[in-house]
Amino acid sequence: MTRRLTRAGVLTAAVLAAVILQPSPAPAQAARQRDDVVTWAASADRMGEANADRSYRLVVRTSVAGTDLRIRLSNAFGDRPVSFGSAYAGLQAEGAALVRGSNRRLTFGGARSVTVPAGKSVLSNPLPGRLSAGSDLVVSIRTPDAAGPATGHGMAMQTSYAAKGDHTAEAGAEAWTDTIGSWFYLDAVSVRPQADTGAVVALGDSITDGWQSTTDLNGRLPDYLARLQKAGTPVKGVANEGISGDQVLADGAGQSTLNRLYRDVLSHPGVRTVFLFEGVNDLKAHTGVTAQDLIAGYRQIADRALLPLGPARDGAMVRRRDPAVHPTRRGLALGPGR
């Protein structure tokens, strides 16, 4: 592997490290296949106690266009099974209101409801039809008897909605009187785009997650990345797998990058590139983590990601932090890697 550094030499110890893992182009024969690709994702985390007889209307922005939409519902942090009595997908008109005629039922193994065991997730059946890039997709789900720890993503930077009872089939906004700033249970959406299309996963902490971006304006770092994808570029799907306060090596604000790598990166369909932008929270925690510890962690991530993604190139960037804002020890030096 070749490692490139945007800046060589000695830099301050408070760093943000970015590693890009990008596989070589697939053979021409395989490139003609149309496979599922993730078009939206958010890292699952523990969300406190679940609410029974609750409906959620979750608003997400897609990246790559395609057909045969599928959603993934996660019970990763539950301590008991959770049932979803109904699920629908439609397009946002305004607020909780949907575009007339767009709200369609989702099924799971042909059934209208599904129960997900603790620690597991489930994919819906493909929904016929085409979903455009940059769509404001609305997924409505109901949890009739949920209890125990809920699973979701806390800092959505997007207004979604909740209601008591089952209002998932309704296109109107009348019943959806509660606004929420988190995504519950939904952790990924995939589509089937044109042939030879892949996705990038942005894996990181608060900068990736969207901290201090404006709610409802899709101003997170991965949102800009999605808008930069141009026609003719094979990588069009973008998954935001940032968790505010996350660390590379240790669980804390969320599961560590090492512990969530499979669920948040390798389990998504069509991933060709991983963009890792993380590390400063390990140093800010003052637990004795050294530069060599972080480098070893980055290498573990690279090694584990390369096997399923295929032959790859990777690089790294170290960014200076303002010592007045983030005072830390000095003297971290990064040189060319293996």
Side-chain angles (χ1 to χ4, degrees), residues 33-45 47 50 55-78 80-91 102-131 133 135 137-144 146 150-153 156 160 168-169 183-194 197-201 203 236-241 255 260-272 308-309:
Q33 299 177 359
R34 292 182 66 240
D35 298 315
D36 288 355
V37 172
V38 61
T39 189
W40 174 89
S43 184
D45 203 356
M47 292 290 291
S55 292
Y56 298 96
R57 178 153 284 182
L58 309 169
V59 182
V60 303
R61 174 64 63 91
T62 66
S63 53
V64 63
T67 61
D68 301 320
L69 173 146
R70 305 180 78 179
I71 69 168
R72 190 171 77 179
L73 299 176
S74 175
N75 191 24
F77 293 90
R80 67 199 73 186
V82 61
S83 295
F84 298 95
S86 58
Y88 282 78
L91 296 175
S102 70
N103 200 30
R104 300 169 63 192
R105 184 185 291 277
L106 294 162
T107 58
F108 303 85
R112 294 184 173 188
S113 62
V114 65
T115 297
V116 184
K120 303 295 183 180
S121 61
V122 65
L123 276 173
S124 69
N125 295 126
L127 185 67
R130 181 172 179 79
L131 183 67
S135 294
L137 177 71
V138 179
V139 175
S140 302
I141 57 175
R142 179 181 178 239
T143 54
T151 296
H153 187 85
S160 291
T168 54
W183 292 303
F184 286 83
Y185 299 106
L186 178 70
D187 81 334
V189 178
S190 62
V191 294
R192 184 160 293 180
Q194 65 183 15
T197 300
V200 55
V201 173
L203 182 62
K236 293 185 173 67
V238 179
N240 184 344
E241 296 292 359
Q255 280 189 318
R260 63 188 180 97
L261 184 65
Y262 176 79
R263 184 186 65 242
D264 289 353
V265 178
L266 304 180
S267 68
H268 291 313
V271 175
R272 296 187 183 180
L309 291 182

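Just so you know, residue 1 is the first one in the sequence shown, and it goes up from there.
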Fill in the blank from the handout: In this structure, CZ of Arg70 is separated from OG of Ser190 (nearest 0.5 Å) by 6.0 Å
Handout entry: Residue pair Arg72 / Ser267, side-chain donor-acceptor N/O under 3.5 Å
Key = yes
Practice task
On the 0 to 90° scale, with breaks at 30° and 60°, tag the Trp40-Trp183 ring pair as parallel, tilted or perpendicular.
Solution key: perpendicular
Handout entry: Exercise: do Thr168 and Ser86 side chains pair donor with acceptor under 3.5 Å
Key = yes
Fill in the blank from the handout: Output for pair (Leu137 CG, Leu91 CG), nearest 0.5 Å, gives 6.5 Å
Practice task
Could you grab the distance from atom CZ of Arg57 to atom CZ of Arg142, nearest 0.5 Å is fine?
Solution key: 14.0 Å
Completion exercise
Closest non-hydrogen atoms of Ala133 and Ser63, given as atom of the first, atom of the second and distance, are CB-O, 2.8 Å
Handout entry: Straight-line distance of Ser140 OG to Leu58 CG, nearest 0.5 Å
Key = 7.5 Å
Handout entry: Value rounded to 0.5 Å, distance of CZ in Phe84 from CG in Leu106
Key = 12.0 Å
Practice task
Any chance you could measure Leu69, atom CG, to Asn125, atom CG, to the nearest 0.5 Å?
Solution key: 11.5 Å
Practice task
Please indicate whether Arg112 has more than 12 foreign heavy atoms, meaning atoms of other residues, nucleotides or ligands, lying under 6.0 Å from its CZ.
Solution key: no
Practice task
Locate the shortest heavy-atom distance separating Ala41 from Glu241; write the atom from each residue and the value.
Solution key: CB-OE2, 3.3 Å
Handout entry: Residue of the set Asn75, Thr143, Thr115 for which side-chain hydrogen bond (donor to acceptor under 3.5 Å, both in side chains) holds with Ser83
Key = Thr115
Practice task
Check whether any side-chain N or O of Ser74 sits under 3.5 Å from a backbone N or O of Asp187 as a donor-acceptor pair, and report yes or no.
Solution key: no
Completion exercise
Between Leu123 and Phe108 the two heavy atoms that sit nearest each other are O-CD2, 3.7 Å
Practice task
Give the minimum heavy-atom separation between Ala65 and Arg130, together with the two atoms involved.
Solution key: CB-NH2, 3.6 Å
Handout entry: Contact check, side chains of Leu127 and Asp68, non-hydrogen atoms, under 4.5 Å
Key = no
